[in-house]
Amino acid sequence: MANKILVVLEQRDNQLKKITHEVAKVGSDLANKLTCEVEAVVVGGDVNPLNKVGGFGVKKVTLIKNEELSNYSPSAYTKIISDFADEIGADILIFGNTAIGKDLAPRVSVKLDAGIAMDCVELNFSDGEIIATRPVYAGKALVDIKINSDKKVFVLRPNVFNPGESTESEAEVVLKAIDAPDLSTKVVEVKKSEGKLDVAEASIIVSGGRGMKEAENFKLVEELAEVLGAAVGASRAVVDAGWRPHAEQVGQTGKVVSPNLYVALGISGAIQHLAGMRSSKYIVAINKDVDAPIFQVADYGITGDVFEVVPALIEELKK
Amino acid sequence: MKIAVCVSHVPDTATKIKIAENGKTIDSNDVTYVINPYDEFAVEEALKTKEKVGGEVVVISLGGEANKESIRKALAMGADSGVLLKDEDERDSSSLAFALADEIKAQGAELVFFGKQAVDFDNSVTGQITAELLGFNCVSVAVAFNIEGDKVIAEREIEGGKEVIETKIPAVITAQKGLNEPRYASLKGIMAAKRKIIEEKNAISSPNKTEVVQMKKPHGKQAGKILGSDASAVPELVRLLKEEAKVI
Ligand SMILES: Cc1cc2nc3c(=O)[nH]c(=O)nc-3n(C[C@H](O)[C@H](O)[C@H](O)COP(=O)(O)OP(=O)(O)OC[C@H]3O[C@@H](n4cnc5c(N)ncnc54)[C@H](O)[C@@H]3O)c2cc1C
Ligand SMILES: Nc1ncnc2c1ncn2[C@@H]1O[C@H](COP(=O)(O)O)[C@@H](O)[C@H]1O
């Protein structure tokens, strides 16, 4: 049986990320089911506000603080989180499956001699054991896995677990300063893509495919994204053609996303593209080919010409 | 410098997945296996690094006899030698990494390239776990890599940008698309690969920490409504998004 759950929060620029709510909520729900304790930890500089995490059920959060840790450091974070988990006697750790989580969680799992389940989309119970469900083969199948080691690490796919509304509860915040972290691997610079919303973090995505005909026409995709407050995504065909950067590619060799709404414009829906977006909550497809496979996963479809339908859609949304 | 590359042998990404009778693995009949796409970037980066700093590139793969095909592919691209760590059993990432780390140590490699993810179980952890087991530094999901002496500068992809990372060898790098353009194996390379040695060893055993209880098909998404074939369907689409889906 579990003794204590540790939820590992994530910050960038000393701001907590949205995934924080999801991991906190899953951690506290799990603690209720297992009748064990739960607390949270975050590594960074002046991370603020932290008491709000209480709204998602976690009553105590420790900030392990050092100005040099505002940026991620694989070596330092691995040691700090593993030591902290040992110190408080945590035997279940929960991370988000983000750029940091994917790097950090496996390394912490080694230090703790824990089994790890990456990219979980469900956590269920069977005979008192936690069963994690995760997509494999690019989402073409799912596996239920069980971790048999005493310590367990679960890494949650972002935007899948619903954190619900925050309550008024506030968490107790504990400060722990540390000096001389192990910076043998450290981030010396963060290059941000100009003010753009990343597909991996957006709750709405508007993606364009080869049906947009040329790079220039992505203006239409960008315009629709703007009225929806969405990120712009792309199929591999248009990334390979050099119309859009790879960071925007959705799919098996791009990013795996699960936004609330995914709008596919002139995308056929090849299996490798579906791999990256089929877990979106709602999918809209606009494609002039009635037989395009994208319609098999779309909730709403229009079998028309993007150059006619998209401008009308932008007009309608602006109303 | 001794450089190692770990490659996995995986179903082609266009494969239709059928679940085997045991309900825990895929049915591998009629499945075409290829070198993991990300591992081609890893091989390319290893070769480029060898061209820059000199040394030798050894390709390591754990699995059955068939994995030799992926090793050969890397040898044809220009790697010097190969090692097949023989094991037919299902391994989880910890157990896999344990055996790979053992071999990397035996090879005396100081720089090791992995793919960022094997497109079978999509775990994206083997490089990081192996690095931690070896006590090597690690940069995962690299889109740029540079080595000067023992200093490594790499860039890794993150949400909304890139992180520039500085570290030192010994190091593990996991390759993301964009790191380079993998070269094609030339006819000469393919011929030469036939003469290169693939050493076979039994992979050292290590217990699994996780277990697959069952493999299942995703709850098939129902094809939805086609609302029309031109702009006249737009108002209905917007209404549904607002009132039924409530996503805008
Ligand atoms: C190893 C591997 C990995 C891959 N990884 C990815 C990946 O990560 N992401 C990815 O997206 N792909 C990936 N692919 C590629 C994938 O197989 C497809 O080739 C690609 O997704 C096709 O992109 P597309 O839909 O934009 O283009 P197409 O398949 O050419 O489709 C264009 C669509 O636009 C429609 N269209 C044309 N004109 C109009 C118009 N005026 N109005 C409306 N509709 C129009 C057409 O009917 C067609 O359906 C991968 C392939 C391999 C082999
Ligand atoms: N059986 C294997 N043999 C050698 N290397 C492997 C094997 N499986 C995975 N790898 C390496 O580990 C990387 C990440 O795999 P994974 O963690 O399974 O997604 C792959 O891109 C390969 O470089």
Side-chain angles (χ1 to χ4, degrees), chain A residues 72 74-75 98-99 102-103 106-107 110 115-119 131 136-149 184-193 196 198 200-201 228 246 252-253 260-261 271-272 278 282 295-304 308-309 312-313 316-317, chain B residues 11 13-14 17 19 26 37 92-94 119-125 128-129 132-133 137-141 157-168 177-178 209-218 221 223-231 233-235 237-238 240-241 245 247-248:
Chain A
Y72 178 53
S75 49
T98 57
K102 277 193 265 192
D103 191 67
R107 304 169 56 132
V110 175
I116 185 166
M118 297 296 291
D119 203 19
I131 305 289
V136 292
Y137 296 96
K140 286 182 250 175
L142 295 168
V143 285
D144 286 345
I145 65 174
K146 198 168 86 182
I147 303 181
N148 293 323
S149 49
S184 50
T185 307
K186 72 168 181 183
V187 173
V188 290
E189 186 192 345
V190 178
K191 296 183 176 170
K192 291 205 179 106
S193 2
K196 268 195 230 149
D198 193 284
E201 297 194 302
L228 287 169
H246 180 250
Q252 182 151 17
T253 44
N260 295 335
L261 174 61
I271 197 152
Q272 297 93 349
R278 67 185 309 155
Y282 282 89
F295 288 119
Q296 279 156 31
V297 299
D299 297 279
Y300 308 122
I302 297 180
T303 56
E308 188 215 336
V309 178
L313 182 54
E316 182 73 19
L317 287 166
Chain B
T13 56
I17 296 297
I19 294 167
I26 62 162
D92 71 1
S93 309
S94 322
V119 303
D120 45 12
F121 261 53
D122 296 324
N123 276 308
S124 308
V125 295
Q128 299 91 299
I129 292 183
E132 200 60 41
L133 289 171
N137 295 318
C138 175
V139 181
S140 63
V141 200
E157 200 176 78
I158 60 168
E159 296 87 3
K162 288 170 194 164
E163 281 173 343
V164 184
I165 295 218
E166 221 176 82
T167 191
K168 284 195 167 129
K177 181 180 176 182
K209 293 193 171 75
T210 62
E211 163 191 343
V212 173
V213 182
Q214 67 162 328
M215 185 178 279
K216 55 196 186 189
K217 277 289 191 189
K221 213 172 157 142
K225 299 176 212 165
I226 297 292
L227 308 174
S229 59
D230 56 30
V234 164
L237 172 62
V238 172
L240 287 167
L241 290 174
V247 286
I248 59 172

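Order of the sequence lines fixes the chain letters, A, B, ..., with proteins taken first and strands second; residue numbering starts at 1 for each chain. Just so we're clear, the structure is a prediction, and the values are computed from it rather than from any experiment.
The line from CD of B:E211 to NZ of A:K146 is 4.5 Å long, rounded to the nearest 0.5 Å. We find the CD-OG distance between B:E132 and A:S75 to be 9.5 Å, quoted to the nearest 0.5 Å.
Annotation: B:K209, atom NZ; neighbour count of heavy atoms from other residues, nucleotides and ligands within 6.0 Å is above 12.
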- request: Show your reasoning for whether side-chain contact (heavy atoms from CB on, under 4.5 Å) applies to B:C138 and A:R107.
  value: CA-CA 10 Å; B:C138 175; A:R107 304 169 56 132; 3.1 Å; yes
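Highest contact tally toward chain A, considering only B:N137, B:V139, B:N123, is held by B:N123 [criterion: heavy-atom pairs under 4.5 Å]. Counting heavy-atom pairs closer than 4.5 Å to chain A, the top residue among B:L133, B:D120, B:V247, B:I158 is B:D120. Heavy-atom pairs under 4.5 Å with chain A peak, among B:I248, B:V238, B:L240, B:D92, at B:L240. Counting heavy-atom pairs under 4.5 Å between each of B:K168, B:K217, B:E159 and chain A puts B:E159 at the top.
A:I302 has its side chain within reach of B:L237: a pair of non-hydrogen atoms, C-beta onward, lies under 4.5 Å apart. The closest side-chain heavy-atom distance from A:I116 to B:T210 is not below 4.5 Å. Between B:I165 and A:P74 the shortest side-chain heavy-atom distance falls below 4.5 Å.
Side-chain atoms of B:Q214 never come within 3.5 Å of backbone atoms of A:D144 as a donor-acceptor pair (strictly under, hydrogens ignored). Between the side chain of A:T303 and the backbone N or O of B:G228 there is at least one donor-acceptor pair closer than 3.5 Å.
Residues A:Y137 and B:P11 approach most closely at CE2-CG, 3.6 Å, considering heavy atoms.
Heavy-atom distances place both the backbone and the side chain of A:A141 under 4.5 Å from chain B. Heavy atoms of A:Q252 lying under 4.5 Å from chain B belong to its backbone as well as its side chain.
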